[in-house]
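First up is the structure itself, then whatever we jot down about it.
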Amino acid sequence: QQKLKRGFATKKEAQAWEREFLMQKQADVNMSFESFVALYEKDVKPKLKLNTWLSKEHIIRTKLLPYFAKRKMNSIQPKDIIAWQNEMIKCRDKSGEAYSPVYLKTLHNQLSAIFNHAVKFYGLKDNPAAKVGNMGKAKAREMLFWTQEEYKKFSEEMMDKPVSFYAFEMLYWCGIREGELLALTPADFDFGRETVTISKSYQRIGGRDIIT
């Protein structure tokens, strides 16, 4: 099967693209990080919810590729990961604030996931991100929950709005997410067995309604 690509400015660029293409087809971890990410997307994206992949893809595109794109997968060392972590810690968002510890941990987890995939399926010797260890922390802001008594007070005020009342009843007593609630259909309810099946999630992505 032949592959044709045009539009290279020089022969050297064309040959470099050809090398990367062949290494990708052979799953050679001597390929660039950028090329491996393309393989990673092909392997992982079909298994994820669209919104989950879009979040992952945003981190890859804005936080990982600018730093690692042209580096060879098997030449990235723990010291390179440390240097990248330090860069992320120094970064500021649009309002001039440093990234939160939880977000820093998320960035590292995404990078480590890519290397883990290379180790598990493509023969990379080890994961340099795992050797360095994480940055940031896992614990997010404290979440506040209604007690049963507090919820009952609220639900009594909602009883004159049946659709809203039943929606909140489902959310509170079943512990489901908003997207799971909005994806429910009559077929998901079995009143004989008194069960509800949670198998879908509704999301609004790019101006479109998406059920995953």
Interatomic distance, [X] atom [atom1] to [Y] atom [atom2] [nearest 0.5 angstrom]:
X	Y	atom1	atom2	answer
Glu150	Phe145	CD	CZ	12.5 Å
Lys131	Ser112	NZ	OG	12.5 Å
Ser55	Lys49	OG	NZ	11.5 Å
Met88	Leu64	CE	CG	8.0 Å
Leu124	Ile114	CG	CD1	12.0 Å
Asn109	Leu104	CG	CG	11.0 Å

**OP:** Verify the distance criterion only: is there a donor paired with an acceptor across the side chains of Asp188 and Thr185 at less than 3.5 Å?
**Re:**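 Present: a donor and an acceptor within the cut-off.
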Original post:
Does any donor atom in the side chain of Asp43 or Tyr122 lie under 3.5 Å from an acceptor atom in the other side chain?
Top reply: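 Result is yes, a qualifying pair exists.
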Is there a path from [X] to [Y] through hydrophobic residues (I, L, V, M, F, W, Y) whose side chains come within less than 4.5 Å of each other?
X	Y	result
Leu107	Ile89	yes
Leu65	Val44	yes
Ile82	Trp84	yes
Leu50	Ile211	no

For [X] and [Y], work out which heavy atoms get closest and say how close.
X	Y	value
Pro78	Pro128	N-CB, 3.9 Å
Ile60	Trp53	CD1-CH2, 4.4 Å
Met73	Ser32	CG-O, 4.0 Å
Ala183	Lys200	O-CE, 3.2 Å
Leu39	Met31	CD1-CE, 3.7 Å
Lys63	Tyr103	NZ-OH, 3.6 Å

Does [atom1] in [X] sit with more than 12 non-hydrogen atoms of other residues, nucleotides or ligands closer than 6.0 Å?
X	atom1	result
Glu13	CD	yes
Arg177	CZ	no
Arg92	CZ	yes

Original post:
Can Glu87 and Lys90 be said to form a salt bridge (charged side-chain N to carboxylate O under 4.0 Å, His left out), step by step?
Top reply: CA-CA 5 Å; Glu87 286 295 318; Lys90 287 190 292 186; 3.5 Å; yes
Original post:
Where does the angle between the aromatic ring planes of Phe68 and Phe33 fall among parallel (under 30°), tilted (30 to 60°) and perpendicular (over 60°)?
Top reply: tilted
Subject >> With Lys56, the side-chain contact (heavy atoms from CB on, under 4.5 Å) member among Gln110, Glu41, Lys45 >> reply: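 One option only clears the test, and that one is Gln110.
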Subject >> Residues clustered with Met159, ILVMFWY side-chain links under 4.5 angstrom >> reply: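 Besides Met159, the cluster holds Trp146, Tyr151, Phe154, Met158, Phe165, Tyr166, Phe168, Met170, Leu171, Tyr172, Trp173, Ile176, Leu181, Leu184, Phe189, Phe191, Val196, Ile198.
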**OP:** Could you walk me through whether Lys125 and Asn74 pass side chain to side chain contact (heavy atoms under 4.5 Å, CB included), step by step?
**Re:** CA-CA 8 Å; Lys125 186 179 178 182; Asn74 59 5; over 6 Å; no
**OP:** Could you list the residues that satisfy side-chain hydrogen bond (donor to acceptor under 3.5 Å, both in side chains) with Thr10, not counting sequence neighbours?
**Re:**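 side-chain hydrogen bond (donor to acceptor under 3.5 Å, both in side chains) list for Thr10, sorted by chain: empty.
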